[in-house]
Each structure stands twice: as structure tokens, then as C-alpha cells.
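Values reported hereafter were calculated over all heavy atoms of this structure, with side chains retained and with hydrogens, waters and symmetry mates removed.
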2 protein chains.
Amino acid sequence: MNKKTTLSDVAQSLGVSITLVSMVVNNKGNKYGISPETQQKVWDKIHELNYKPNLLAKGFRTGKTSAIGLIVSDISNRFYAKIARHIEDLAWQNGYTVIICSTDESVDKELRQMGILLERKVEGIIVSSSQTSTKIFEDLVAMEYPFVLIDRNFGNMKFSSVSINNEQGVEMAIEHLYQQGYRKIGMFSISPGYISTIKNRKIGFYNSMQKLSLPIVDDWCIEIPFNQVEQDIPQHLSLLKSNKNLPEAIIAMNNNLASATLLSLKNLGIRIPRDMALISFDDDQSFNFSSPTITAIEQPIEQISHHAFDILMKQINNKTKGIYQAEILPVKLKIRESTSKGC
Amino acid sequence: MNKKTTLSDVAQSLGVSITLVSMVVNNKGNKYGISPETQQKVWDKIHELNYKPNLLAKGFRTGKTSAIGLIVSDISNRFYAKIARHIEDLAWQNGYTVIICSTDESVDKELRQMGILLERKVEGIIVSSSQTSTKIFEDLVAMEYPFVLIDRNFGNMKFSSVSINNEQGVEMAIEHLYQQGYRKIGMFSISPGYISTIKNRKIGFYNSMQKLSLPIVDDWCIEIPFNQVEQDIPQHLSLLKSNKNLPEAIIAMNNNLASATLLSLKNLGIRIPRDMALISFDDDQSFNFSSPTITAIEQPIEQISHHAFDILMKQINNKTKGIYQAEILPVKLKIRESTSKGC
DNA sequence: AATTACAATTAAATCGTTTTAGACCAAATT
DNA sequence: AATTTGGTCTAAAACGATTTAATTGTAATT
């Protein structure tokens, strides 16, 4: 690869100092009293030689990399892909670059990704964490390293975070099912079960089932390894079906579960909502054109992204040294065909 | 933020030179004949002080950043999200970090993103380009800068690229429709129309329509600005419907078009495949559980990602100086319910 | 005893940028 | 005439790592 032109090249070919060129490039010419004519000369030469700053050198010298990290479990998941896109847009508008990392729900991989982000000196991290321990985040706090938890948090609110009200979402859903006349309600969730969103959704489920005095049936409440959803759901459902032990309704605790359940019900000839109702936690475009359309708990993806980014920027700009901001956003229930007993 | 420990800290507290520590850290201890005991001492101290290399300094000094760029039009699009995930996995396995950029089909934004990637000294770029001109890529070639075009290319095969056989895909689709008895076939595509994939899909469409002596009706062949798909499709379809001028089948030239068309047909009460058949270019999970299920041209996403990454790595490792590798992968037609006239 | 060889280690240059402290010169002030 | 001021500009250090060439001390060779 050809070597790039550097500040020094520009300075030399102009017979001025590197310092001067650097000042001009950074629009500090006026601040440092560089004459307008000189500034113009510098700019002309910069364009002539097609000078481009070496961001590595710059970041190395200044400590400002204009980069942030985003850690999620899987960037190809529709929910995180949307989050990523919003964060990327905000970052772009603010002159930042985003480094996205998928962790596959692995505690260890996440830690290593985090380590690399730190070594790369990103200025802050937005993370939907799969950690079981809060150690790494306590370390980050001790280092005064900017970070914001999104989606998943650690309950105690000791860290900056933007999450949604998972319990409320599930409670709305169960109450809706109840009003529609459903009583035998099952729940599909994933393991690892320590993931806060899943944990809270399950709490919401048990709470509202209890409140409504509905029976909690173990056979209907299953927990599937996150990476086996597509294989295990059909298996479970067909077992329930052959045992004539199907619930009247299922709430699926994330979009993958819901999609897999929908597909599987369809393949088994179990009709929605006639034979069974279905609700998804987390909405998706495709739930609008599936047949039937699927009732879903919609998360405010754009808001989550926006708030998280804002909080991170505040931390980076040191406006909130030592202050933690924990936000919980409300969700909406999008009622569609999959839960109307009447059909 | 607390200052990090550096090589110099480790060296000092051990009473050895920075050089020595650096050699050990990089596992070159043996190569440079550092005694085993010294190496052990260094490692112990490194762990004790929790030394982490500054990748910025390292990259700056060596020119190796272990980072690559990925440029796509929209990372939240399901197709690109999957590509991104595969590339990220491969990068992770090879010790690379990926910087993902969305361009919104903007020539200018893409150029600026590319500029930033270069300034950040990524070692190579994988790009699904929205450029109208090949200038930037000719510049990259001149600089011997590693890059691979994916998905979209520039026909001339002057650059390394991994694409799919778009014409073939469409031809398979049209022939399938023909065999099923459909004759009045429309096509929904997007603008900007210079995007190579779209362009080639349209060519495929016109070719096979001509080959089969089918009429090409302007009202059925529409081109929608990529960011207005969701608004414009319902409008067009309802117009066609009220004019009683609906085609018997539509091929949608990407997954967004297909989803929007499906949703809109449903809302208008146009039944698939009874009233109209639908084929999507680019498959999606949701086409399995929509009703009806949707026939789609499936792209080999994993293969595309794999080949692109391999080619990039070859370039980076300089095994192919000046050699360009252009690949065109075949697609598959997934026949589902949306195109069976019998139903 | 002088030279060579080798193993283990280090000094110093370097990458491209920013920034601090000061240099230089002409004009203004005393 | 000597000093101060202000406007432009520069020298040099620093950031944290890698790498080349050199150094040291000891053992082996002549």
C-alpha cells in the first residue's frame, strides 16, 4: 500500500511547521492566531496532496478515539439489529464510529469483547449484557469508564441503564388473554434464565397468573436453550399435542420464540387463535402479515437507543461524573388476531 | 478515567527494559532468546499489574489494526444483518474487529464512511456499494488497499467481488410462475435503479419475459424509492385494484418489497395465490409462517460472507497482489404456497 | 592470553499527531 | 533608545508500542 501523506509532508512542501498545519487542520487557526493567508495556503496544499489525518495517531495522542462499542447477544436478531441501526445513526450524527460485537450469550466471550473494546480505547460502551456477575461493571465504574446497560440490567440500579418494564408488559398480555377468556396459559422462555429481561418477564408471568388465580402448569412453561429454539419448540409442541395436553394460550418471551412457535403450530395444524392463542414479547414486522397476525408486546426501540446514547454521551462529556441514570421505559400491547377467542 | 498500566510500568517495576517486556508480551521471547525465568517473571508482573496493550499505539506503530470495515446500505435489513453476523464471526475467529457502516444508499455517505474507515486504518473493507462511479474503487486498487465487493458489483469484474447470479434467480422465478400458469406478471423494484443487484434482477425479468413471449405491462412494473416502500406499495396496489388492472403475479425484487407487498395485499383483501401470486427475491424466515408461505429466491448468505472474508484475508496477507477474484454464486428457488395456482 | 561466539538484554529511533512553552519581529509605549 | 506588546509561527516533548542495532558478560576456541 502506498504511504499516505502526513502532516509533515504538508508542512515541508509549504515550508512551515508541522504545528501550524496541525492547528489549521483542526480549525484552531484563528484561536492560535494563524494569519488567514497562511491558513488558506495550508488548506490548498492539504487538498492538493489529499492529506487525510491518521485517526490512529490522533486517537493515540489525544485519547479521543471518537469510537464507541455496542455489545449485544446477536446482531442478526431483529431487535438488536434495529437497536444497532439507531445507535449507529446517532453516532454518525455525533461524529462517532460504532464497533458492534455479538456475544452469543456467552459470559466469557462478552468479557473478551469488552476487553478488546477497552484496548481499542473506545470512549464508551453500550451493552446488553449476558453477565451473571456485575464485577466487570463495577470495575468500569471504578475506572470511571462510560457505559450504559440497555435492555438487560442488574436490578440494583447501581449502573446507568435503559430498560423496559418487562413485568408490566407480560402482565398486560396475560390480562388481555384473561379478558379474552383464556385460562390455560403457557409460557415459552429461554435459558440461560439469569438474563434479566427473561427473568423479569417470567416474574411478570407468575405474578399475574397468581393475581388472576390461574393455574401454573409445568408442562406448559418451558425453558429452551437460546440456540436450540428452532429444534426444541416443534418437539415440545408435538409432544403436548399428542398428549392432548395443549394450553389455550402461549406467551413467547422473545421474538425468536414467537416465530418458532408460530411456525411450529402451523406445521402441526394447530390453528391460531381457534385452537391456541399466541402472544410475542417483542414485536416484529412479520407479525403484521402472518396469518393470523400476532399480538405482541412492542418495545420502544428507538427510544431505548436514543436514551442510551444520550446517557453515554453525557458520561463521555463528563457532565455526570459519578451520577447514574437508570431508566425504565413503558411498553405497548399491540393487539392483533392471534388472541381473539371469537375468531 | 484512571491511567492504564503501560509496558513501561511493567518494565520499571521489574527492572528490565521495555523492549524485553514487549518481546515477551508478543510471544517472541523465545525467538529473541529471553530466558524462560525472565519470561515467567514478566508474565507474572503483567498479570499482577493487569497490563493491557494499547491497541491504538500498537496499530499506530505497526500499521496492523486488526480491524476491517463492512459497509452496507442498512444493517437493520435482515439480509445485511445476517451477512454482518457471519462476517463478525469470521473476523472474531481470526482476531479481527469489524466496523459496520450503513449508507442509506447514499453515494456521498458511503464515500465519507469509506474515508473514515481508511483514516482509522482498517486493514480492508467489505462493501455492498451504492456508488454510481467506480472511481473510489479504482483509487483503492491503485493504493493496493484490500477490499471486496459483496452483493453488488460493477459488472466489469475489475474488482474482487462476491455476488450472486441475479439474472438466473429471476429467470428461475419467472419460469416457475409460467409453469404454474401465470401469464400476467408484474415486478416491484426499488430506486435508485443503478444498484447492480436490482439492475440485474430487472434484466433477468425482461429477458425471461421476452423469452416466454409474455407481455411487459408498465403499470405492473414499478420502481419505488427505497425508503418509501412501505407507503408507496399500498398506494400502487390499491390503485391497480380499483382500476381492475391487477397482474396475476408479482415478483418483488428484495425482501422489504416482498414484505410490504404481502402486507398490502392482505390489507386490500387480495388473496394469495388465488388472486395473485407473489415471489420474493431474498428469502426470510417469516416467509415460512406467513399465510400463505411465500416462494422466494434464496441467497447463499453464509457462502457470500465466507468467500468475501476469505478473499479479503488473502489480499491482506498479500497472497494475491494484483490478482482479482470475482465470484458469482448460484441461488435457489424455494417454492412455497404463494405461487401455486392450484390452491 | 587473546580472540571469537553466543546468549541475554537494552538504547534509541520511529510511527503521526497534539500541545506547551517560547522565539522572532515589527509596532507601540515609555 | 530601551522596553513592552501583540501577532505569527516553531521547536520539542509526549502518547505507548515495536524493532534494529548495539552492548554486556560469559564460555569456548585458538
Exercise for review: Answer with base, sugar-phosphate or nothing: what part of the nucleic acid does B:Val16 contact at a heavy-atom distance below 4.0 Å?
Suggested key: sugar-phosphate
Practice item. Spell out yes or no: do the side chain of B:Ser8 and the base of D:dA17 have one donor N/O and one acceptor N/O closer than 3.5 Å? Key: no
Review point. For the base of C:dT17, is there a side-chain donor-acceptor partner from A:Thr6 under 3.5 Å away?
Key: no
Point to revise | Spacing between A:Leu118 atom CG and D:dG16 atom C1', to the nearest angstrom | key: 17 Å
Practice item. Figure out the CG/C1' separation between B:Leu56 and C:dT18, and round it to whole Å. Key: 14 Å
Exercise for review: May I have the distance from B:Lys64 (atom NZ) to D:dT19 (atom P), rounded to whole angstrom?
Suggested key: 12 Å
Review point. How many Å lie between CZ on A:Arg120 and C1' on D:dG16, as a whole number?
Key: 16 Å
**Study point:** Gap between atoms NZ and C1', on B:Lys31 and C:dA8 respectively (whole Å)
**Key:** 16 Å
Review point. Is there a donor and acceptor pair, one atom on the side chain of B:Thr19 and one on the base of C:dA11, closer than 3.5 Å?
Key: yes
Revision key, fill the gap. Which of C:dT20, D:dT8, C:dT18 is nearest the side chain of A:Ser35? It is D:dT8
Review point. Are the ring of B:Phe60 and the base ring of C:dC15 both nearer than 5.5 Å at their centres and tilted by less than 30°?
Key: yes
Exercise for review: Examine C:dG16: is either OP1 or OP2 under 4.0 Å from a nitrogen or oxygen in the side chain of A:Lys58? Give yes or no.
Suggested key: no
Practice item. Before accepting this row, confirm whether a basic side-chain N of the pair A:Asp139/A:Lys135 lies closer than 4.0 Å to the acidic partner's carboxylate O. Key: yes
Review point. Can you find a pair of side-chain heavy atoms, one from B:Phe309 and one from B:His86, that are under 4.5 Å apart?
Key: no
Check your understanding: Rounded to the nearest Å, what distance is computed from the OH atom of residue B:Tyr51 to the C1' atom of nucleotide D:dT18?
Key -> 11 Å
Practice item. Measure from the side chain of A:Ser22, starting at C-beta and using heavy atoms only, and say which of C:dT17, D:dT18, C:dT18 lies closest. Key: C:dT18
Review point. Toward the 5' end of DNA chain C, which comes first, B:Met23 or B:Thr62, by nearest nucleotide?
Key: B:Met23
Review point. Among side-chain atoms of A:Gln40 and A:Asp44, is any donor-acceptor pair under 3.5 angstrom?
Key: yes
Exercise for review: Find the distance A:Ile34:CD1 to D:dG7:P and express it as a whole number of Å.
Suggested key: 13 Å
Point to revise | Upstream residue (5' side of DNA chain C) when B:Gly15 and A:Leu20 are each assigned their closest nucleotide | key: B:Gly15
Exercise for review: Taking atom types as modelled, find out whether B:Lys158 and B:Asn153 have a side-chain donor-acceptor pair closer than 3.5 angstrom.
Suggested key: no
Practice item. Figure out the CD1/P separation between A:Ile18 and D:dA13, and round it to whole Å. Key: 14 Å
Check your understanding: Does a donor on one side chain sit under 3.5 Å from an acceptor on the other, for B:Asn50 and B:Lys52?
Key -> yes
Review point. Are any of A:Asn26's side-chain N or O atoms less than 4.0 Å away from OP1 or OP2 of C:dT18?
Key: yes
Check your understanding: Touch check for B:Lys28, heavy atoms < 4.0 angstrom, all strands: base, sugar-phosphate only, or nothing?
Key -> sugar-phosphate
